[in-house]
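Notes follow the structure.
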Amino acid sequence: MSTIAARIYAELRGDKAIWAIVALMAIFSLMAVYSATGSLAYQKYGGNTEAYLIKHGVILLAGLFMTYIFHLMHYLRFSKWAPVLMVIVIPLLMYTIAFGVERNDAHRWIDIPLTGLTFQPSELAKLALIMYVARAISSKQEYIKDFQEAFLPIIVPVLIICGLIAPANLSTAIILFFTCMFMMFVGRVDLKYVGLLLFLGIVLFSFLYTLGNFFPDIVRVQTWTSRVAAFMDGSGEVAQVTQAKIAIANGNLFGLGPGNSIQRNFLYVGYSDFIYAIICEEYGVFGGALLIGLYVLLFFRATRLVTKSPKAFGAMLAMGLSILLIMQAFVNIAVSVNLIPVTGVTLPMISYGGTSLVFTCVAFGIILSVSKYIESVS
Amino acid sequence: MDIKNEVLYRVYFLLFGLVTPAALTLIYYTVKIGVIEGEEWRDLGRNNFIVERDIEAERGNIMAADGSLLATDVPIFDLYWDPLTPTEDDFMANVDSLAHCFANYIDTDYTVGAAYDYLFQLRDTINFRKNRNVLLKSRVSYSEKKKIEQFPLFNLGQFRGGLIARKRNERKRPFGLLARRTIGYVRDQATDIGLESFYDEVLGGQPGTQMMIPLDRKRDLWMPLENLSSIEPKNGDDILTTLDINIQDITEEALLKGMQTHDADWGVAMVMEVNTGKIKAIANIERGKTGWYESYNHAIGTRTEPGSTFKAASMLALLEDGFVNLATDSIDIEKGRKEFYDREMEDSYSNSANLDTISVRRAFEISSNVGIAKLVQENYGTRTKANDEKAAELFIERMHQFNLHLATGIDLEGEKNPLIKEAYNTTDDQWSGTTLPWMSTGYELLITPLQLLNFYNTIANGGQQMKPLLVSEIQRYGQTVETFKPTVIKRQIASKKSIEQLQGLLEGVVANGTAAKLKTSRYSFAGKTGTAQIDYRRTDKGTRIGGYQASFAGYFPAKNPRYSTIVVIRRPRRAGFYGGDVAGPIFREIADKCFDSLTDLHDPIIEPTTTLRWTTNQLPHMDIGRREDMDVVLDYLGIEPSGDPETPLVVTMRQEGRDSVLLERRSMPEGKIPNVVGMGLRDALYQLENLGVKVKIDGAGKVVRQSLIPGTDPRNQTITLRLN
């Protein structure tokens, strides 16, 4: 056993702490998903919860394989990919709005021909945009505080991509928008331009909101307002949040133990949106805090990369991806503890869900690739 | 500012100014909800809609002595459909083929078109109905359910197709109406009866409970919750009865035949194992409006005046008190007519009219009422020194000594207590001058068939009274948890000598008395006939309803008896009314068949010293059968066949010379009349009836000729087979 572990360890390049985070999160994910899919499995597979465990395990393994592959690549390749990906992603997002598969009233998925699988273009768009922004920031470092030369070329794609994602998936768009904003902040963009970007974002949102009143099928304005309204007066859909709180309370300090969740039976999306509550229920407040700590640790390791090579594309890329992951994580957790309205954001690396999990793994792979080269330089 | 430092400041601002506070906020809120406000939320959690549901325990089996199932729980299913579960697409894609299956399997009253319309109607009117789930078919077996689950739409599963199967258990009696009242039933809106009732607690088990949570309350979908305490149902235990399937069957059949022959009101026949008191069979048959039923357990629940079968008890009292000496005593039966006080007693035996003084033994054998009544009246009628000045009190004491005043305590509900009057108790007109003589001949007392059988069983058992035993074991998952051993009620109801004398008298009844025509050379038996008048008292208008109760109680074989048996036939209307004519033959039929199964009592079959395996002219010829069967037969006969047809499912054999046999292929053309010549009737019928051909049979043995040529189209054909 130890020899196998040693061999795997020898295979892995890059920041071993990040590898450890990936491994720990994968274990959390398997256990929590296995627990939380109980009622889903009862409905679809007559109680065969292993069906979900196996399915999730396979996706997770595939994801970890992607992590491995991407971490082997040289991260400068991603810099070359960035513009190409942007060219692909924009029409793909348009196609999704027009012809995407409808699930829960949202056009977020497209069918991959011949495979029977579905795919969320917004996940790809996130990667593409972050690569593009990282490349732009690092290549324009010399004149980064210039409006026309640096600011405009960066913000136009951000506004386009976020504007295309927002109609069906507002929360993802907002997270992505803020990720880019923080990247620009780290990348020394003038603070007044960062403020301007925030203002432009609000303008874009207002425009979409107005548009939504004319085309409710495309822009889910009603969902947005109803969720926010429900959050404000604490009724309706928030019943799910109450169940999540009960789950956290059931867990108390040390949790009910693996597989003993009761609330999974009442949390209809306990395996994705509310998985944090299930983790708290089974592993207690300590388990929840440990998970939050893992995300913070990830971000901390990414800042180390930036401190080591502040101007490099790689550091900016790793920074951007870490910001994206931690923001997603915090938004998801904030929903479970009822700090913000219900969104559809998954807990990265933990939640059940194919596309999102695979792209999270790819993001980890890219971060590891960066860490590998930055370490070898220093 | 240094570029590097500017980047670092900004990164550290993110880390310490945003990320860390955000993380701490989230942890704080988690702690707040989970620990600080914890109790409040946990309380709310307990109010979650969890319900406790009973889980039906499986009811135990009732088994015959050999373990065959007399009553058992079989799971059945009620199939419901929720028309709102399937999506429009799923419904439209499958409704055609589902309608087809529906009309052909689920409800054949529907044509395919009607079923199609019906399915649409169900779906479209669902909002107007109270219950969304529509009962498609009830009482469906497991295999049928499996099949229906494979129908289009339904095969998508409960949550897409909407087919809901609700399981329940139904009581089944694999042997049909056999021993119906004794097995009994427990059901709503009816009095519980039989073993099912008496052993209800044992059989019933304990229902369990299960926490269920709603998946969808509108659709009444519930999911069991495993991690909350649930109590497993404790399944009921099985009871192993003493009933013998074969004897019960024989008994019911014999009784039914008798009932039909004599067109009686009701009849009882029972078989009991002498040494143990085990009840081997209880049959009750009653005339119903449309046929013959077992609708009441008269064997234990109906007490009647038994008539002459009770004379055995009177005789035993006389013997026990030493009032008669069978070797020397005689009695004047006064040509079968005598007045006791104001009532005339008459013998039912017609020859009595020519008889006066006969031996006491003879009086018993011909069942002379006058004879027995006079003996009892002379010895117990007045207070004398011989009877300790007790008179009738002594006679009643003897009845009590024989336990004839007590119920047997059989483990069935509804056993009636017998009625033996209290001597000289004149309240309520109980006792009169005529009570004693009439009682001695089986009137003015009431007893059930079972109680009388128990008395005869005791006689057969040499005086040791056994408790009737109906259940011998309680089993749990095939393991015995409780055994009911044969129980002795009374070690000796009368002296050995008296019992032996009475046994002799009962043998005499069969040898040369009222049951003489029933005797057989195969085995000996003993018993007593009874022909009781019923409704003999005249009504106010002077009319008499009349009628008789014919009975026979006895045991077999006469020496070392195995079984005691009673047959009671109430009010026969046809073909005689004497106990010996009506009940006796039924007794014989039961005894005959029981004796067949008592192989240890049979005369040994003389085995031939040398076994002739075959002779030339018995060599198999033109026999058809499966190749492997043939090989077994030929191997046994020691014949090496010639010829080895390749794929013969059916093979003929032909004699060739003196001692060899040739195997040939016999082909069976599919869908055409086959050549069945040479086949046994069973094989031939199987072949032909599978083709739908009507078969007429002429003769017995193997088929030697068939009326249709092989290869004929079998449709709408009738074939005549000649057998030889």
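Note on naming: letters A, B, ... go to the chains in the order of the sequence lines (proteins, then strands), and numbering restarts at 1 for each one. Source: prediction; values computed, not measured.
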Checking B/Y12 against A/T307 for the side chain to side chain contact (heavy atoms under 4.5 Å, CB included) test, could you report, in this order, the C-alpha distance in whole Å, the side-chain angles of both residues, the deciding distance, and whether it holds? CA-CA 10 Å; B/Y12 287 138; A/T307 54; 3.4 Å; yes
Considering residues, nucleotides and ligands other than B/Y28, do more than 12 of their heavy atoms fall under 6.0 Å from its OH?
no
Mind running side chain to side chain contact (heavy atoms under 4.5 Å, CB included) on A/F182 and B/L18 for me, showing each step along the way? CA-CA 11 Å; A/F182 285 130; B/L18 289 177; 3.4 Å; yes
Shortest non-hydrogen pair, B/W41 vs A/A249, comes out as CB-CB, 3.4 Å
Taken to the nearest 0.5 Å, the spacing of B/T20 OG1 from A/F300 CZ works out to 10.0 Å
Applying side chain to side chain contact (heavy atoms under 4.5 Å, CB included) to A/V337 and B/K32, what does each step give before you reach the verdict?
CA-CA 9 Å; A/V337 297; B/K32 186 175 165 233; over 6 Å; no
Scored by heavy-atom pairs under 4.5 Å with chain A, the best of B/I36, B/V31, B/T25, B/I27 is B/I27
Assert top hit (heavy-atom pairs under 4.5 Å, partner chain B, pool A/I326, A/V189, A/V296) equals A/V189
Query - Worked check of salt bridge (Lys or Arg N to Asp or Glu O under 4.0 Å) between A/K245 and B/E40 - result: CA-CA 10 Å; A/K245 284 182 170 181; B/E40 185 188 324; over 6 Å; no
Comparing A/A289, A/A247, A/A277 against chain B, the one with the most heavy-atom pairs below 4.5 Å turns out to be A/A289
Value for CG (B/L14) from OG1 (A/T303), rounded to nearest 0.5 Å, stands at 9.5 Å
Q. Checking B/R10 side chain against A/F185 main chain: does a donor-acceptor pair fall under 3.5 Å?
A. yes
Heaviest contributor of heavy-atom pairs below 4.5 Å to chain B, chosen from A/N250, A/V285, A/N252, is A/N252
Inset, instruction - Check whether any side-chain heavy atom of B/R42 sits under 4.5 Å from a side-chain heavy atom of A/I246, and report yes or no. - result: no
Between A/C280 and B/T30, the two heavy atoms sitting closest are SG-CG2, 3.7 Å
- B/F16 atom CZ, neighbour heavy-atom count above 12 within 6.0 Å: yes
### Whether over 12 other heavy atoms sit under 6.0 Å from B/K234 NZ
yes
Between the CD1 atom in B/I33 and the CD1 atom in A/I248, the distance rounded to the nearest 0.5 Å is 4.5 Å
Practice problem: Could you please spell out the steps behind the side chain to side chain contact (heavy atoms under 4.5 Å, CB included) verdict for B/V7 and A/R188? | Solution: CA-CA 6 Å; B/V7 170; A/R188 299 195 311 116; 3.6 Å; yes
Note: vs chain A, highest number of non-hydrogen pairs under 4.5 angstrom among B/G38, B/A22, B/A23 is B/A23
Okay, A/I323 and chain B: the region with an atom under 4.5 Å from a heavy atom over there is side chain
